[in-house]
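Everything below concerns the one structure shown next.
Since we're looking at a predicted model, the values are computed, not measured. Below, each value reflects all heavy atoms present in this structure, side chains not excepted, and no hydrogens, waters or symmetry copies.
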Amino acid sequence: MALRFYNTLPGKVEEFHPLENNQVRMYACGPTVYDYGHIGNFRTFVAIDILCRFLRQSGYKVRYVMNITDVDDKIIRNSARDGVSVKQYTEKYEKAFLEDSATLNIEQPTLVRATDHIPEMAEFVVALEKKGFAYRAEDGSYYFRIAKFPGYGKLSKKDFAGMEDGARVDLDEYDKDSARDFALWKAPKPGEAFWETPIGRGRPGWHIECSVMSMEELGETFDLHAGGEDLIFPHHENEIAQSEALTGKPFAHFWFHARFLLVEGEKMSKSLGNFLTLRDLVLKGYKPSSIRLLLASVPYRHQLNFTFDGLKQMASNVDKLRNFQLRLTAAQLPAGVNGEIQQLANEAVEKMRSALEDDLNTAQAQAAILDMVRKANAALDNGLIKKDDVPPLLAALERFDDIFAVLKDDDAPKMKAILDWAKAHDRQKDISQGLLDAVGSQSVSDVEIENKVAAMEAARRARNFQLSDAVRAELTSAGLIIEQTKDGIRWRRK
RNA sequence: GGCGCGGUACCCAAGUGGUAAGGGAGAGGUCUGCAAAACCUUUAUACGUCGGUUCGAUUCCGACCCGCGCCUCCA
């Protein structure tokens with residue numbers, strides 16, 4: 001079996017094969033850096049991250065490029081409002097985006113920025129104009145002539161032939177040939193930021209950056225183009241039109257789109273007051289690993305209902321996995337091997353693989369590993385696991401984590417960073433007790449903890465339970481979890 | 001209006017033409033100085049409603065109800 005996933009272009013699930021045997025070239029539409037990223041943005045980027053990780057796990061070499069849109073109307077407006085340059089304005093949010101992505105263990109792709117490619121965009125417009133696909137309007141803007149590109153609408157399945165122009169013409173755009181024609185290049189209005197280019201002053205239209213940068217990085221035809229579902233139209237439709245008009249070749253072969261999420265059953269929007277950034281969630285005390293697992297655990301084509309209850313559930317799942325890993329590595333086991341356990345691990349790996357190959361069914365993959373963990377825990381309780389059974393079980397866990405990336409327990413330092421950010425940005429009022437608890441143990445060093453734990457254990461062995469419990473209480477209130485097991489004391493940060 | 005997606009237990013959420021993964025929560029239990037962790041048992045005669053196809057449908061078809069998305073730069 002090979003990976004199958006939904007390709008928006010033909011509108012069905014297809015087997016994925018790259019153009020060049022083992023090499024995948026993929027491009028994702030990244031964020032417009034005008035504000036802090038919200039949880040919906042990250043649903044998309046986690047979905048694409050999972051796709052990329054699974055392609056690598058399946059043996060492909062992946063060249064993954066993502067753009068940063070660092071110029072658009074909103075950015076120009078907001079930077080002017082704040083009295084800073086476009087660059088100054090976007091740098092802050094780009095940095096935040098990269099930090100947030102790292103917080104969610106999203107692997108960083110090769111990044112390309114729109115403002116670093118302005119000359120190439122101007123050239124692109126010139127080339128389109130030569131071919132008759134672009135025209136200049138009176139104000140110096142350039143538009144793409146949709147009527148000249150017969151395939152227009154093939155991605156979004158829209159039939160523009162029968163549509164009448166006129167109903168929704170923007171007053172600013174009276175000099176377009178057709179209302180549907182989209183801007184390749186925008187002439188500046190008075191006071192607006194602009195770039196000086198051979199086609200005049202102005203700024204790029206929204207879509208052109210992706211055509212220019214993806215082809216520059218990946219070639220005129222590449223394997224995979226990804227983004228949020230809202231980008232299907234008009235963004236990706238327009239990218240296809242521009243790119244294929246210019247090259248006469250197919251642009252991207254596979255189109256991958258992640259669905260929007262809901263927050264507590266409702267569309268996320270500022271007016272509903274359920275607009276959540278990653279930082280908001282961490283300030284409320286939720287862990288990055290819980291957030292990532294929740295974003296990852298509903299298949300990308302399903303509407304994910306993002307809830308606080310779901311976040312708590314995911315925290316349990318993460319703990320279950322981490323506890324199992326700790327238990328397995330710490331366990332003192334008899335030598336030998338139990339064939340059934342080997343088989344259990346192999347089956348889990350196989351189930352995860354086939355689930356992910358089937359349109360990236362992350363829910364099933366997660367179920368497979370949790371099922372294995374439950375059975376292996378039971379076997380551990382019953383003394384049925386031998387020393388040589390440990391590596392395959394750990395390997396299955398790692399195979400899961402190659403994709404889901406939640407096992408490593410580094411939530412506390414990540415949350416600490418966001419706590420510090422909040423303090424520095426006048427958001428003290430949003431800092432929850434939960435966050436303080438989660439971060440609390442960061443102020444205690446491992447050595448200090450080890451010493452306390454040893455003291456507690458000594459007291460316990462001396463059957464001085466009063467002292468032992470007192471030390472436990474102290475550690476607990478410092479944000480630590482202490483567990484006594486038959487293999488010794490185990491502690492971790494909350 | 002056009003195109004598309006979904007409605008599964010208390011909650012989240014997979015899935016299949018032959019009678020429902022996984023997780024959470026609840027209840028009971030095992031283990032345990034305490035506390036955890038872990039495990040076991042238990043919680044859908046039933047998969048929005050009504051028809052149809054079929055030996056048999058939650059799974060296919062049709063209608064309807066409800067929710068959601070895109071259709072002017074929101075991931």
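Between the CD atom of Gln484(A) and the C1' atom of A37(B) there is a distance of 11 Å, given to the nearest Å. The CG-P distance, from Asp73(A) to C73(B), rounds to 11 Å in whole Å. Look at CZ on Arg301(A): it is 16 Å from C1' on C68(B), rounded to the nearest Å. If you measure from atom CZ of Arg259(A) to atom P of G4(B), you get 13 Å, rounded to the nearest angstrom. The distance from atom CZ of Phe233(A) to atom C1' of U72(B) is 8 Å, rounded to the nearest whole Å. Rounded to a whole Å, the CD atom of Gln303(A) is 14 Å from the C1' atom of A75(B). In this structure, Glu350(A) atom CD and A21(B) atom P are separated by 20 Å, rounded to whole Å. Taking atom CG of residue Leu155(A) and atom P of nucleotide C70(B), one finds them 16 Å apart after rounding to whole Å.
Expressed to the nearest 0.5 Å, how far CZ of Phe124(A) lies from CD1 of Ile208(A) amounts to 5.5 Å.
Judged by ring centres under 5.5 Å apart and planes tilted less than 30 degrees, Phe260(A) stacks against the six-membered base ring of A75(B). Judged by centroid separation below 5.5 Å and plane tilt below 30°, Phe465(A) stacks onto the base of G33(B).
At a cut-off of 3.5 angstrom, the base of G24(B) holds no donor-acceptor pair with the side chain of Asp309(A). Remark: the Arg374(A) side chain and the C39(B) base include no donor-acceptor N/O pair separated by less than 3.5 Å.
For G24(B), the OP1/OP2 oxygens have a side-chain nitrogen or oxygen of Lys320(A) closer than 4.0 Å. Between A37(B) and Arg492(A), no contact under 4.0 Å exists linking OP1 or OP2 to a side-chain N or O. Lys74(A) has a side-chain polar atom (N or O) that falls below the 4.0 Å cut-off from OP1 or OP2 of C74(B). Between His302(A) and A14(B) there is a side-chain N or O to OP1 or OP2 distance below 4.0 Å. Between Asn41(A) and the phosphate of A75(B), there is a side-chain N or O to OP1/OP2 separation shorter than 4.0 Å. Applying the 4.0 Å criterion to OP1 and OP2 of A14(B), one finds that Asn361(A) has every side-chain N and O outside that range. Side-chain N/O atoms of Lys267(A) include one lying less than 4.0 angstrom from OP1 or OP2 on C70(B).
The gap from the P atom of A37(B) to that of G23(B) amounts to 16 Å, rounded to the nearest Å. Rounded to whole Å, the P atom of U72(B) lies 16 Å from the corresponding atom of G2(B). Straight-line distance between the C1' atoms of U49(B) and U8(B): roughly 15 Å, to the nearest whole Å. Taking the P atoms as reference points, A44(B) lies 32 Å from C55(B), given to the whole Å. Taking atom P in both C3(B) and C10(B), one finds a spacing of 37 Å when rounded to whole Å. G26(B) sits 33 Å from G69(B) when the P atoms are compared, rounded to a whole Å. When the P atom is used for both G18(B) and C71(B), the distance is 39 Å, rounded to whole Å. Comparing the P positions of A9(B) and A46(B) gives an interatomic distance of 12 Å, to the nearest angstrom.
The only member of Phe275(A), Phe260(A), Phe306(A) that meets ring pair (Phe, Tyr, Trp, His ring centres under 6.0 Å) when paired with His38(A) is Phe275(A). Each of Thr103(A), Asp49(A), Asn105(A) was evaluated against Arg292(A); a single residue qualifies, Asp49(A), per the side-chain hydrogen bond (donor to acceptor under 3.5 Å, both in side chains) test. Among Asn361(A), Leu360(A), Val13(A), the single residue meeting the side-chain contact (heavy atoms from CB on, under 4.5 Å) criterion with Arg301(A) is Val13(A).
Looking at heavy-atom distances under 4.0 Å, Leu231(A) makes contact with sugar-phosphate atoms alone, never a base. Counting any heavy atom pair closer than 4.0 Å across all strands shown, Asn317(A) reaches sugar-phosphate atoms only and no base atom. In this structure, Glu266(A) reaches neither bases nor backbone, as no heavy-atom distance under 4.0 Å exists between it and the strands shown. Using a 4.0 Å heavy-atom criterion, one finds that Arg327(A) contacts the sugar-phosphate atoms exclusively. At a threshold of 4.0 angstrom between heavy atoms, the contacts of Glu229(A) are confined to the sugar-phosphate backbone, with no base atom among them. Among the protein residues, Leu261(A) comes within range of the nucleic acid bases, having at least one heavy atom under 4.0 Å from a base atom. Among the heavy atoms of the strands lying under 4.0 Å from Arg490(A) are primed sugar atoms or P, OP1, OP2 only; no base atom is included. Residue Lys312(A) is classed as having no contact, given no heavy-atom separation below 4.0 Å to the nucleic acid. Nucleic acid contact class of Ala378(A) (heavy atoms, under 4.0 Å, all strands): sugar-phosphate only. When heavy atoms are screened at a 4.0 angstrom cut-off, Pro234(A) is found touching no nucleic acid atom at all. When heavy atoms are screened at a 4.0 angstrom cut-off, Gly310(A) is found touching no nucleic acid atom at all. Backbone-only contact: Ser316(A) has heavy atoms under 4.0 Å from sugar-phosphate atoms and none from a base. Leu370(A) comes within contact range of the sugar-phosphate backbone alone, with a heavy-atom separation under 4.0 Å but no base atom that close. Using a 4.0 Å heavy-atom distance criterion, Arg43(A) is classed as making no nucleic acid contact.
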Write down the protein N/O and nucleotide N/O pairs, taken from nucleotides 58-61 of chain B, whose separation is under 3.5 Å; answer none if there are no such pairs.
none

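Positionally, the nearest nucleotide of RNA chain B for Arg463(A) lies more toward the 5' end than for the other of Leu321(A) and Arg463(A). Comparing Leu304(A) and Glu483(A) along RNA chain B, the residue whose closest nucleotide (by nearest heavy atom) sits nearer the 5' end is Leu304(A).
The aromatic rings of Phe254(A) and Phe5(A) are tilted relative to each other, their planes meeting at an angle between 30° and 60°. Note: Trp255(A) and Phe251(A) have tilted aromatic rings, judged against thresholds of 30 and 60 degrees for the angle between ring planes. Ring orientation note: the planes of Tyr152(A) and Phe182(A) are close to parallel, at an angle under 30° on the 30°/60° scale.
Phe45(A) has its side chain out of reach of Ser101(A): every pair of non-hydrogen atoms, C-beta onward, lies at least 4.5 Å apart. A 4.5 Å side-chain heavy-atom check between Leu128(A) and Tyr135(A) finds every atom pair outside the cut-off.
The side chain of Asp230(A) approaches C74(B) more closely than any other nucleotide in the set C74(B), C5(B), G2(B). Looking at the side chain of Ala363(A), the nearest of the listed nucleotides A75(B), G33(B), A13(B) is A13(B). When distances are taken from the side chain of Gln313(A) to each of A38(B), C34(B), C12(B), the shortest belongs to C12(B).
Lys452(A) is linked by a side-chain hydrogen bond (donor to acceptor under 3.5 Å, both in side chains) to Glu474(A), counting only residues two or more places apart in sequence or in another chain.
No more than 12 heavy atoms of other residues, nucleotides or ligands lie within 6.0 Å of CZ in Arg463(A), so this atom counts as exposed by the packing criterion. Other residues, nucleotides and ligands contribute more than 12 heavy atoms inside 6.0 Å of the NZ atom of Lys157(A).
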